[in-house]
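Structure first, commentary second.
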Amino acid sequence: MKVASWNVNSLNVRLPHVLDWLEAAQPDILGLQETKLTDEKFPSEAIREAGYEVAYAGQKTYNGVAVLARSPLNDVMTDLPGLEDPQRRVLGATVDGLRFINLYVPNGKAVGSDKYEYKLGWLDKLQAWLAAELERHERVVVVGDFNIAPADADVHDPAEWHEQILCSTPERKALGQILDLGFTDSFRAFEQPERAFSWWDYRMNNFKRNRGLRIDLILTSPAVTAELRTSTIERDPRTWDRPSDHTPVVAEFAADGSG
């Protein structure tokens, strides 16, 4: 099974990219973030014509998440338990016995800001919910734009980003507590090239200079981790015309448990 995650930074703009990538990459499940579309404007027909079922939760201008799958999506949820919040940042669904959870974690804006405190509180609620999901499901994959670089190896210049938003100790600690539930950062389950990133700011020619961060993650529960075959970052879509500032991340595993 091949699963993927991509912050498209406006599906209205990036729909042709998504359709082209689906045809080329053929993922079984894809989580999209920052669709930035209300539900009535979601291009569900185009997605279904590409061979995918789809569930989505959107809002105008900001946020928005969707899950595309070759098989039916069941037990769909779109709210983080314990958090009353109109922001559309979570979408979970069960696909072929796999619990697939797609996240767009709050950015936080700046360390010490109200949005930063909101982010940390959001992550606390997320941890509690994921713990409950692991009790309900053996096979769980959590994907998304986490807006956290897990370690200095995931940052182009650790000194420049030291204790800044996306790299601060409290954010990394919150992510670490999620991993401590039993999840594995699938990318780090394999030997990887240095300076491998999934997001590059549009400004200052950062992509060409490879001044990026790895903030798009695929986390796997123990049962899935045991079946992992590959976990990669696909840089090519970031080179396309009018790209998202993120590029897809992909993991493949043996869905039948054969390893």
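Throughout, numbering of the chain's residues begins at 1 and tracks the sequence.
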Expected output: side-chain [X] to main-chain [Y] donor-acceptor under 3.5 Å:
{"X": "Thr184", "Y": "Thr225", "value": "no"}
{"X": "Glu34", "Y": "Asn63", "value": "no"}
{"X": "Asp154", "Y": "Ala149", "value": "no"}
{"X": "Ser168", "Y": "Glu163", "value": "no"}
{"X": "Tyr202", "Y": "Pro243", "value": "yes"}
{"X": "Lys109", "Y": "Asp114", "value": "no"}
{"X": "Ser10", "Y": "Lys36", "value": "no"}
{"X": "Arg70", "Y": "Glu53", "value": "no"}
{"X": "Ser5", "Y": "Val249", "value": "no"}
{"X": "Asn205", "Y": "Lys208", "value": "no"}

side-chain hydrogen bond (donor to acceptor under 3.5 Å, both in side chains) between Arg99 and Thr94, worked out: CA-CA 4 Å; Arg99 188 63 173 163; Thr94 300; 3.0 Å; yes
Can you tell me how far the [atom1] atom of [X] sits from the [atom2] atom of [Y], to the nearest 0.5 Å?
{"X": "Asp185", "Y": "Ser231", "atom1": "CG", "atom2": "OG", "result": "7.0 Å"}
{"X": "Leu126", "Y": "Leu181", "atom1": "CG", "atom2": "CG", "result": "9.0 Å"}
{"X": "Asp85", "Y": "Lys125", "atom1": "CG", "atom2": "NZ", "result": "11.0 Å"}
{"X": "Gln26", "Y": "Lys2", "atom1": "CD", "atom2": "NZ", "result": "8.0 Å"}
{"X": "Ile233", "Y": "Arg235", "atom1": "CD1", "atom2": "CZ", "result": "9.0 Å"}
{"X": "Lys173", "Y": "Asp180", "atom1": "NZ", "atom2": "CG", "result": "10.5 Å"}

What is the minimum heavy-atom distance between [X] and [Y], and which atoms define it?
{"X": "Ala251", "Y": "Ile218", "value": "N-CD1, 3.6 Å"}
{"X": "Gln87", "Y": "Gln59", "value": "CA-OE1, 3.1 Å"}
{"X": "Pro106", "Y": "Tyr118", "value": "CG-CE2, 3.4 Å"}
{"X": "Lys119", "Y": "Asn107", "value": "NZ-O, 3.0 Å"}

Do other residues, nucleotides or ligands put more than 12 heavy atoms under 6.0 Å from the [atom1] atom of [X]?
{"X": "Glu138", "atom1": "CD", "result": "no"}
{"X": "Glu191", "atom1": "CD", "result": "no"}
{"X": "Arg209", "atom1": "CZ", "result": "yes"}
{"X": "Glu23", "atom1": "CD", "result": "no"}

Tell me every residue that passes side chain to side chain donor-acceptor pair (under 3.5 Å) with Asp216, counting only those two or more places apart in sequence or in another chain.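 By the side chain to side chain donor-acceptor pair (under 3.5 Å) rule, Asp216 matches Ser198, His246.
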For Leu166 and Val155, what are the C-alpha separation, side-chain angles and deciding distance, and is it a side-chain contact (heavy atoms from CB on, under 4.5 Å)? CA-CA 10 Å; Leu166 311 184; Val155 182; over 6 Å; no
Is there side-chain contact between [X] and [Y], with heavy atoms separated by less than 4.5 Å?
{"X": "Met1", "Y": "Asp96", "value": "yes"}
{"X": "Phe100", "Y": "Leu91", "value": "no"}
{"X": "Phe207", "Y": "Arg238", "value": "yes"}
{"X": "Thr232", "Y": "Phe187", "value": "no"}
{"X": "Leu123", "Y": "Leu175", "value": "no"}
{"X": "Pro170", "Y": "Tyr116", "value": "yes"}
{"X": "Val67", "Y": "Ile29", "value": "yes"}
{"X": "Val3", "Y": "Asp28", "value": "no"}

Donor-acceptor contacts under 3.5 Å from residues 73-81 side chains, at least two apart:
unit_1 : atom_1 : unit_2 : atom_2 : d
Asp75  : OD2    : Arg136 : NH2    : 3.1
Asp79  : OD1    : Arg88  : NH1    : 3.4
Asp79  : OD1    : Arg88  : NH2    : 2.7

Run the numbers on Ile101 and Trp129 for side-chain contact (heavy atoms from CB on, under 4.5 Å), then give the verdict. CA-CA 11 Å; Ile101 296 169; Trp129 177 58; 3.5 Å; yes
For Leu30, which fellow cluster members are found when Ile, Leu, Val, Met, Phe, Trp and Tyr are connected by side-chain heavy-atom distances below 4.5 angstrom, either directly or through intermediates?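 Members besides Leu30, by chain and number: Trp6, Val8, Leu11, Leu15, Val18, Leu19, Trp21, Leu22, Leu32, Leu37, Phe42, Ile47, Tyr52, Val54, Tyr56, Leu68, Trp240, Val250.
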For the pair Phe146 and Ile215, evaluate side-chain contact (heavy atoms from CB on, under 4.5 Å) and give the outcome as yes or no after the intermediate values. CA-CA 6 Å; Phe146 278 73; Ile215 57 177; 5.6 Å; no
Under 3.5 Å side-chain donor-acceptor pair for Arg14 and Asn7: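 Note: Arg14 and Asn7 side chains miss the donor-acceptor criterion.
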With a 3.5 Å cut-off and no angle check, do the side chains of Gln33 and Asn102 form a donor-acceptor pair?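 There is such a pair between these side chains.
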Give the C-alpha distance, both sets of side-chain angles, the deciding distance and a yes or no for side-chain hydrogen bond (donor to acceptor under 3.5 Å, both in side chains) between Asp245 and Trp200. CA-CA 6 Å; Asp245 45 355; Trp200 302 261; over 6 Å; no
Going by the side-chain contact (heavy atoms from CB on, under 4.5 Å) test, name the single residue among Arg195, Arg188, Gln192 that passes it with Arg214.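 Among Arg195, Arg188, Gln192, the one meeting side-chain contact (heavy atoms from CB on, under 4.5 Å) with Arg214 is Arg188.
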Output yes when Arg89 and Asp145 qualify as a salt bridge under the 4.0 Å nitrogen-oxygen rule, no when they do not.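 Asp145 and Arg89: not salt-bridged.
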hydrophobic_cluster_shared for Val141 and Leu228, side chain cutoff 4.5 Å: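 In one cluster: yes.
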Trp122 vs Leu103, side-chain contact (heavy atoms from CB on, under 4.5 Å): CA-CA, chis, key distance, verdict: CA-CA 11 Å; Trp122 196 95; Leu103 305 174; 4.2 Å; yes
